Asker: 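Structure in structure tokens, see below.
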Number of protein chains: 2
Amino acid sequence: MKYPITLDALEVLDAIDRKGSFAAAANELFRVPSAISYAVQKLEQDLDVVLFRKEGRKAVLTPAGKVLLEQGREILQATERLAMATKKTHSGWEPVFNIAIDSILDFDFIYPLIARFYEVLPDIEINIYEEVLGGAQEAITSNRADLVIGAGTEPTPNQGIKYQKIRQIEWIFTVAPGHQLTQAALPLSRQLIEQHRFIVVRDSSRNQAPQSHRVFSKRPLLSVPSVAEKINALRSGLGIGFLPAHRIQHLLEQGLLIALPVENAIPMETCHMAWKTTNKGKVLCWFIEQLSRHDFI
Amino acid sequence: MKYPITLDALEVLDAIDRKGSFAAAANELFRVPSAISYAVQKLEQDLDVVLFRKEGRKAVLTPAGKVLLEQGREILQATERLAMATKKTHSGWEPVFNIAIDSILDFDFIYPLIARFYEVLPDIEINIYEEVLGGAQEAITSNRADLVIGAGTEPTPNQGIKYQKIRQIEWIFTVAPGHQLTQAALPLSRQLIEQHRFIVVRDSSRNQAPQSHRVFSKRPLLSVPSVAEKINALRSGLGIGFLPAHRIQHLLEQGLLIALPVENAIPMETCHMAWKTTNKGKVLCWFIEQLSRHDFI
DNA sequence: TTAATAGGTTCAAAATATTTGAACAATAAA
DNA sequence: TTTATTGTTCAAATATTTTGAACCTATTAA
């Protein structure tokens with residue numbers, strides 16, 4: 001016998017412990033007491049372990065029984081979650097959804113979107129991966145990511161992958177006056193700026209999510225709680241990053257922040273998203289729909 | 001139906017995927033193909049999810065089927081581990097064993113013992129808790145710990161708890177010349193020295209253990225890889241700690257290290273261990289036996 | 001002390017569930 | 001085209017689980 005334990009047996013054990021007696025457990029499970037007795041005996045026999053000892057007219061768990069009960073409960077819970085995840089997948093909602101973002105883009109702009117997503121569907125796990133340069137492309141073909149948000153011009157057309165432009169507010173690459181990068185040759189190369197510390201707005205959706213999504217970053221980062229803080233941190237020269245044009249127009253005019261052009265002229269409004277055409281997942285559809293809207297931020 | 005998934009069904013699913021076909025899976029499980037077909041259909045029905053799609057003459061997993069397979073495998077493994085843990089408990093080997101150590105004692109001396117334990121029994125989880133002052137006592141009565149290693153004189157006799165002295169090599173509390181503590185009133189109080197950073201030898205058994213045991217410390221610690229390093233760190237004034245007398249005799253004579261008496265005169269050889277007499281676990285017996293030997297370090 | 005009660009077990013019969021093997025359909029390979 | 005492989009269906013055979021009645025046993029109430 002490969003698996004002497006059965007989920008039904010664990011369920012019986014759990015009911016006995018919760019209800020306090022074989023008889024009460026039988027009642028809860030809509031069975032007759034002798035059926036409970038039989039189930040326990042079978043489990044003890046298959047496992048070759050004594051699980052209950054009679055004390056007075058009650059049966060109490062042995063140490064081995066306790067171990068089986070406690071860890072068994074976790075297995076029951078995992079099974080329940082699995083059943084839900086399977087059904088959800090079948091209904092078109094992916095249980096986990098992976099987003100790859102080109103490393104040149106700040107994660108900032110995706111967080112509000114994820115926050116909104118969790119408001120609607122709190123039990124789906126979302127992971128955000130950072131991909132460098134061409135890696136975002138490959139993340140899709142190798143199934144590492146369900147959705148890629150890339151910068152720059154649309155890549156070479158690829159069979160089975162659909163691309164779509166994302167229009168959003170203008171983000172400007174900014175550094176403090178006197179920052180090292182102001183001395184560098186313009187436009188700045190991606191390799192160059194990726195060596196510096198980026199300032200990002202802390203993932204506000206993290207606390208809100210029941211199972212927190214993970215962010216896998218490859219760069220040194222400084223997390224701040226808000227865009228206002230990010231502007232301050234940038235002005236203090238703590239790092240570099242993109243900022244929404246309308247928030248910093250006056251600072252640029254006063255010379256308190258310096259806007260620098262970045263290689264490939266990536267004014268953020270030309271970034272795109274990509275996904276596999278075979279993927280019909282509903283989470284994917286949700287994100288595509290949201291990202292297609294002009295006002296999503 | 002509370003649990004539509006059964007372990008048997010997951011096992012069938014796993015075999016189908018590994019062997020590549022229903023027929024091969026049937027062969028592996030010593031059943032007839034129609035039995036496999038039946039099992040899959042039943043699972044699909046109970047779960048109300050399509051798991052296989054026919055492609056040519058083969059059946060391939062749907063996305064939902066893949067989710068069920070992959071997470072199902074983890075459940076199968078967990079169940080297997082649970083069966084082993086239960087049997088082990090029944091045979092007298094505790095699946096987890098908790099040791100509480102008085103915070104005045106260095107963990108150093110217990111690590112080699114744990115290393116030796118893992119050589120014999122690598123699949124038992126051992127946790128080491130630090131307890132301050134009287135906490136070690138209570139750790140036993142409240143079942144937080146299976147074995148307590150305490151310092152100082154034997155505590156008041158307590159029903160159901162057995163105490164035994166531990167004889168071991170002499171450990172001397174040591175600081176660097178010029179250390180702040182050399183100015184303090186002697187003997188040093190425990191409260192006083194516990195405010196300083198302790199230097200401990202890094203837990204060498206950690207890497208060796210398959211499921212690493214955890215150490216829960218409440219003090220600032222500096223971990224070093226060996227006793228030799230510990231002596232060096234102590235001499236440099238990086239922290240304080242106990243050292244084996246025979247290793248530092250010459251350093252004390254040359255004045256390169258200072259020995260300081262500690263309150264309650266705890267020369268380590270008078271420390272004791274304690275456990276519940278009702279506990280007949282074999283791991284406990286092993287540790288008692290080892291700690292009873294004079295030469296255990 | 002003696003009922004009465006609650007909890008657990010045993011056993012044969014009944015009800016369910018699973019496995020089998022033979023027949024069949026569909027596809028890929030020879 | 002033939003052959004081999006794969007999966008399905010179905011009724012019969014087999015195995016497992018549930019049932020209910022009878023029967024212990026230890027506590028509690030009278």
Side-chain angles (χ1 to χ4, degrees), chain A residues 1-62 64-66 68-69 72 76 79, chain B residues 1-62 64-66 68-69 72 76 79:
Chain A
M1 175 153 328
K2 184 81 189 291
Y3 294 98
I5 296 175
T6 68
L7 294 180
D8 180 74
L10 292 179
E11 198 182 349
V12 168
L13 212 63
D14 171 62
I16 294 171
D17 182 73
R18 275 186 298 104
K19 292 293 174 179
S21 75
F22 281 34
N27 191 55
E28 164 162 304
L29 298 173
F30 304 108
R31 302 186 211 183
V32 106
S34 59
I36 303 295
S37 203
Y38 169 82
V40 169
Q41 278 173 26
K42 178 159 170 33
L43 180 59
E44 288 187 325
Q45 214 171 305
D46 290 351
L47 213 48
D48 194 23
V49 163
V50 181
L51 300 173
F52 287 93
R53 208 179 42 245
K54 285 200 76 169
E55 274 191 9
R57 63 185 176 187
K58 288 231 173 194
V60 298
L61 282 166
T62 61
K66 278 197 192 106
L68 187 60
L69 171 71
L76 286 178
T79 308
Chain B
M1 174 153 328
K2 184 80 188 295
Y3 293 98
I5 296 175
T6 68
L7 293 180
D8 180 74
L10 292 179
E11 199 182 349
V12 168
L13 214 61
D14 170 63
I16 294 171
D17 182 72
R18 275 187 297 103
K19 292 294 174 178
S21 75
F22 281 34
N27 191 55
E28 163 162 304
L29 298 173
F30 304 108
R31 301 186 212 184
V32 105
S34 58
I36 302 297
S37 203
Y38 169 83
V40 170
Q41 278 173 27
K42 177 159 169 36
L43 180 60
E44 289 187 326
Q45 214 173 305
D46 290 351
L47 211 50
D48 194 23
V49 164
V50 181
L51 300 173
F52 287 93
R53 207 179 42 245
K54 286 201 75 171
E55 274 191 11
R57 63 183 177 190
K58 289 234 170 192
V60 298
L61 283 166
T62 62
K66 279 199 191 108
L68 186 61
L69 170 71
L76 287 178
T79 307

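Treat the numbers as computed from the prediction; the structure is a model and nothing was measured. Chain naming here is simple, since letters A, B, ... match the order of the sequence lines and numbering starts at 1 in each.
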Asker: Go through the N and O atoms of the side chain of S34(B) and the base of dG7(D), and report whether any donor-acceptor pair is under 3.5 Å.
Answerer: no
Asker: In whole angstroms, how far is the P atom of dA25(C) from the NZ atom of K54(B)?
Answerer: 13 Å
Asker: To the nearest 0.5 Å, what is the distance between CG (L69(B)) and CG (L61(B))?
Answerer: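 Reported to 0.5 Å precision, the distance equals 6.0 Å.
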Asker: Separation of Y38(A) atom OH from dT16(D) atom P, in whole Å?
Answerer: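 One finds 7 Å between P of dT16(D) and OH of Y38(A), rounded.
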Asker: Test D46(A) against T6(A) for side-chain contact (heavy atoms from CB on, under 4.5 Å), laying out the working first.
Answerer: CA-CA 10 Å; D46(A) 290 351; T6(A) 68; over 6 Å; no
Asker: NZ of K58(A) to CZ of F22(A): how many Å apart, nearest 0.5 Å?
Answerer: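 The NZ atom of K58(A) sits 11.0 Å away from the CZ atom of F22(A).
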Asker: May I have the distance from I16(A) (atom CD1) to dG8(C) (atom P), rounded to whole angstrom?
Answerer: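 Roughly 8 Å, once rounded to whole Å.
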Asker: Counting side-chain heavy atoms from C-beta on, which of dT9(C), dT19(D), dG21(C) comes nearest to P33(A)?
Answerer: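 Comparing dT9(C), dT19(D), dG21(C) against the side chain of P33(A), the answer is dT9(C).
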Asker: With sugar-phosphate meaning primed atoms plus P, OP1 and OP2, does F22(A) contact a base, only sugar-phosphate, or nothing at under 4.0 Å between heavy atoms?
Answerer: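 Touches sugar-phosphate only.
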Asker: When the distance from CG of D8(B) to P of dA15(D) is rounded to whole Å, what number comes out?
Answerer: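 One finds 16 Å between P of dA15(D) and CG of D8(B), rounded.
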Asker: Find the distance K58(B):NZ to dG7(D):P and express it as a whole number of Å.
Answerer: 7 Å
Asker: Taking for each residue the nucleotide of DNA chain D bearing the nearest heavy atom, is the 5' side occupied by R31(A) or by G56(A)?
Answerer: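 Per heavy-atom nearest nucleotide, the more 5' residue is R31(A).
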Asker: Hey, does A23(B) reach any base, or is it just sugar-phosphate, or nothing, if we go heavy atoms under 4.0 Å?
Answerer: sugar-phosphate
Asker: Taking only side-chain nitrogens and oxygens of S21(B), does any of them come within less than 4.0 Å of OP1 or OP2 of dG7(D)?
Answerer: yes
Asker: Are any of R57(B)'s side-chain N or O atoms less than 4.0 Å away from OP1 or OP2 of dG7(D)?
Answerer: no
Asker: Between dT9(D) and Q41(B), is there an OP1 or OP2 to side-chain N/O distance shorter than 4.0 Å?
Answerer: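 Indeed, a polar side-chain atom of Q41(B) lies that close.
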Asker: In whole angstrom, give the distance that lies between atom NZ of K19(B) and atom C1' of dT5(D).
Answerer: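 Rounding to the nearest Å, NZ of K19(B) and C1' of dT5(D) are 17 Å apart.
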Asker: For the pair T62(A) (side chain) and F52(A) (backbone), establish whether a donor and an acceptor sit closer than 3.5 Å, ignoring hydrogens and angles.
Answerer: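 It does not hold such a pair.
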Asker: To the nearest Å, how far apart are E55(B) CD and dA28(C) P?
Answerer: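 After rounding, the gap between these two atoms is 10 Å.
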Asker: Measuring from L10(B):CG to I5(B):CD1, what's the distance to the nearest 0.5 Å?
Answerer: 6.0 Å
Asker: Whole Å only: how far is the CZ atom of F30(A) from the C1' atom of dA15(C)?
Answerer: 19 Å
